[in-house]
S.K.: 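Take this structure first; my questions come after.
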Amino acid sequence: MAERARVAILISGRGSNMEALIRAAQSPCYPALIAMVLSNRPEAPGLDIAESLGVATVRLDHTSFADKRAFEDALDRQCRTRGIDVIACAGFMRLMSAEFVEGWRGRMVNIHPSLLPNYPGLNTHERALADGVRIHGCTVHFVSADVDRGPIIAQAAVPVHADDTAELLAHRVLAQEHCLYPMTLDWLASGKTKLDQDRVIYDFEPEREPAPLMVPRAAKR
Ligand code: GRF
């Protein structure tokens with residue numbers, strides 16, 4: 001990869017993970033720069049945040065394309081003309097075709113609000129509470145054609161409390177997402193992590209780097 005990997009963040013809404021990535025990349029030591037934030041929803045609140053932080057934004061309304069293929073071609077073109085090395089999905093609510101995913105294999109990542117492979121899909125916090133699990137969390141993984149099933153790079157765990165609501169749990173998990181995603185993008189952009197076939201390879205100096213599993217000692221309620 002180039003000196004600093006060029007990253008496109010894909011969003012559909014609020015953009016709090018996007019903001020965490022942009023703020024991390026404001027440090028000159030960070031190995032990635034955020035070259036573009038692209039949303040498939042033109043009214044996504046995250047776009048205003050990105051613009052206020054000086055990041056170029058692109059509105060690519062998926063409903064204005066004839067079909068999925070045309071939308072993905074436009075997305076691919078946006079990324080390639082801007083010299084994007086890595087695509088980071090952050091609350092991007094479009095399922096991508098196997099062809100698109102293959103074209104960005106090993107260079108497209110996503111953050112998911114559960115400890116995958118548990119609770120792929122939506123409403124993860126409600127489902128975790130309904131099952132009565134005591135540990136929940138979030139996952140950053142490479143994107144594969146199987147939704148929420150790509151190779152796992154890193155996870156952060158939080159406790160589930162007896163009196164939790166889905167909102168409280170979501171809040172606790174989101175705080176970890178905002179640490180986990182910048183850390184993982186750092187690994188990827190600096191070449192410390194990569195995809196080899198279907199396995200994630202780590203090239204760490206163990207005494208100097210955090211482990212791929214973060215268990216916060218005192219996750220706040
Ligand atoms: C996050 O919980 C993320 O894990 C999931 O969608 C949510 C997006 O939130 N993929 P935000 O837009 O980053 O605030």
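Ligands are counted one by one from 1 in listed order, and the atoms in each one are counted from 1 as well. Predicted model only: the values in this text are computed from it and were never measured.
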S.K.: Output yes when Arg69 and Asp73 qualify as a salt bridge under the 4.0 Å nitrogen-oxygen rule, no when they do not.
M.R.: yes
S.K.: Relative to each other, are the rings of Phe71 and Phe92 parallel, tilted or perpendicular (30° and 60° limits)?
M.R.: parallel
S.K.: Taking the non-hydrogen atoms of Gly15, is any one of them nearer than 4.0 angstrom to ligand 1?
M.R.: yes
S.K.: Does an N or O from Asn110, backbone or side chain, lie closer than 3.5 Å to an N or O of ligand 1?
M.R.: no
S.K.: Is it true that Arg82 and Gln78 share a donor-acceptor pair across their side chains at a distance under 3.5 Å?
M.R.: yes
S.K.: Nearest protein heavy atom to atom 6 (O) of ligand 1, by residue and atom, and its distance?
M.R.: Gly91 CA, 3.6 Å
S.K.: Looking only at protein heavy atoms, which one is nearest to atom 10 (N) of ligand 1, and what is the separation?
M.R.: Ile111 O, 2.9 Å
S.K.: Looking only at protein heavy atoms, which one is nearest to atom 3 (C) of ligand 1, and how far off is it?
M.R.: Glu177 OE1, 3.2 Å
S.K.: In the protein, what heavy atom is nearest to atom 9 (O) of ligand 1, and what distance, to one decimal place, separates them?
M.R.: Arg14 NH2, 3.1 Å
S.K.: Could you go step by step and tell me if Asp61 and Thr63 meet the side-chain hydrogen bond (donor to acceptor under 3.5 Å, both in side chains) rule?
M.R.: CA-CA 5 Å; Asp61 184 351; Thr63 64; 2.7 Å; yes
S.K.: Just jot down the ligand 1 atoms closer than 4.0 angstrom to any heavy atom of Pro113, in number order.
M.R.: 2 (O), 4 (O), 5 (C)
S.K.: Would you say the side chains of His125 and His136 form a donor-acceptor pair under 3.5 Å?
M.R.: yes
